[in-house]
Structures are given as C-alpha cells and as structure tokens.
Amino acid sequence: MLQKAIVIRLMDDFAAKKASKNLGYSMALTTLERIGEGKVREHTGDVLFPVEFSCVTFKIFRGEILEGVVDKILKHAVFLRCGPTDKVYLSHQKMADYKYVPGENPIFMNEKMSKIEKDTVVRFIVVGARYVEAEKEFQAVVSLEGDYLGPISQNSV
C-alpha cells in the first residue's frame, strides 16, 4: 500500500514536467530501490519518506543529433518540440538552403521542394542548450547545417 502510494506520487511529480539542471527531465520510473523510514513534519502532519529509485531521464546536450516536431513558424525562425522540451529554436540563418514562404500557413522551402511546415519532423544538431532556473526547463538553439539533417517526414503528428 505504501509502496503504491509512493510510486503514484513519483509518477505525478514526473508528469509535472519540471527539469533539474544536472539530470534533465525525469521521464519514467523504472525501479523503486528503497523506501526509508518516514518522518512526520511538525506543522502539517505530513509524512516524508526518503526513497531511492531509478528512472529514465532526458537532457539535451550540445552536439547531439535529435529529432523534433515543428510547433511554430515565424519569418526568421522555427520553434520545435523535442521530447519534453518545447523551446527548441531554429534560426533561418541555421537552415541556409531554406527560404521563408509567407501565407496563412507559412513554411520554409528549399530549391528541391523540401518543406518545413507545422507538424513536420525535423532532424537537427544542438548548437547550444541552457537550463532556465526560474522555469525549471531547458531551451536549445539548433541547426540544420550538417549531413542528413532537415525534414524527415511531413505532417506526421
């Protein structure tokens, strides 16, 4: 009963989608190693249990090749989602072959008619990543400069 309550609490905390600077985002609980002795908090009556557990984490690193889904297209940039990170920035300067095409549904397109539009899956390289303490999340700046980078599927979401 206690183990089930602790697992549910950990899963709820993971669902809150907050990251830590050192570990990144906690995605899934894999094992609950140990539950320590509970301690009652004086003023609230809550019981705190120290726990040891293993989990799957996600953290963006500079130089990594990742895939993300286009979330928003602006004249000078594209914003993507990658895993739990929804602040991935791709500047028009980092996708040299692509030109902005305005309209009701703006896109970026190159001479080979390859399109980057909303919901397109794009493979990119991480140029820089930073942790924002106030928001407890990561932001990344990415590029399409390199082999096998760019859109890999259209409207797949």
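- By the 6.0 Å contact criterion, CD on Glu42 is open, its count of non-hydrogen atoms from other residues, nucleotides or ligands being 12 or less.
- With no hydrogens or angles considered, no side-chain donor-acceptor pair links Tyr131 and Ser20 at under 3.5 Å.
- Both Leu2 and Leu29 are assigned to one and the same hydrophobic cluster, defined by single-linkage of ILVMFWY side chains at heavy-atom distances under 4.5 Å.
- Taking 4.5 Å as the limit, every side-chain heavy atom of Thr120 sits out of range of all side-chain heavy atoms of Lys115.
- Criterion: ILVMFWY side-chain heavy atoms under 4.5 Å apart, direct or through other members. Under it, Tyr89 and Phe61 are not part of a common hydrophobic cluster.
- Phe138 and Phe58 fall within a single hydrophobic cluster, where Ile, Leu, Val, Met, Phe, Trp and Tyr side chains are chained together by heavy-atom contacts under 4.5 Å.
- Not counting sequence neighbours, the partners of Lys87 by the side-chain hydrogen bond (donor to acceptor under 3.5 Å, both in side chains) test are Glu135, Glu137.
- Annotation: salt bridge (charged side-chain N to carboxylate O under 4.0 Å, His left out) contacts involving residues 46-60, sequence neighbours excluded, comprise Arg34-Glu52.
- Taking the side chain as every heavy atom from C-beta outward, Tyr98 and Ile107 never approach each other to under 4.5 Å.
- The shortest distance between side-chain heavy atoms of Tyr148 and Ile65 does not fall below 4.5 Å.
- Both Val126 and Leu90 sit in one connected hydrophobic cluster of ILVMFWY residues. Membership requires side-chain heavy atoms under 4.5 Å apart, directly or through other members.
- Considering only heavy atoms from C-beta on, Phe53 comes within 4.5 Å of Leu32 through its side chain.
- Hydrophobic clustering of Ile, Leu, Val, Met, Phe, Trp and Tyr side chains at less than 4.5 Å, counting indirect connections, unites Val51 with Val47.
- Residues Val142 and Val122 fail the side-chain proximity criterion, which asks for heavy atoms closer than 4.5 Å.
- Glu117 is not listed as a side-chain neighbour of Asn105, based on a closest heavy-atom distance of 4.5 Å or more.
- Under the 4.5 Å side-chain criterion, counting only non-hydrogen atoms from C-beta, Leu80 is in contact with Val70.
- Taking the side chain as every heavy atom from C-beta outward, Gln139 and Val132 approach each other to under 4.5 Å.
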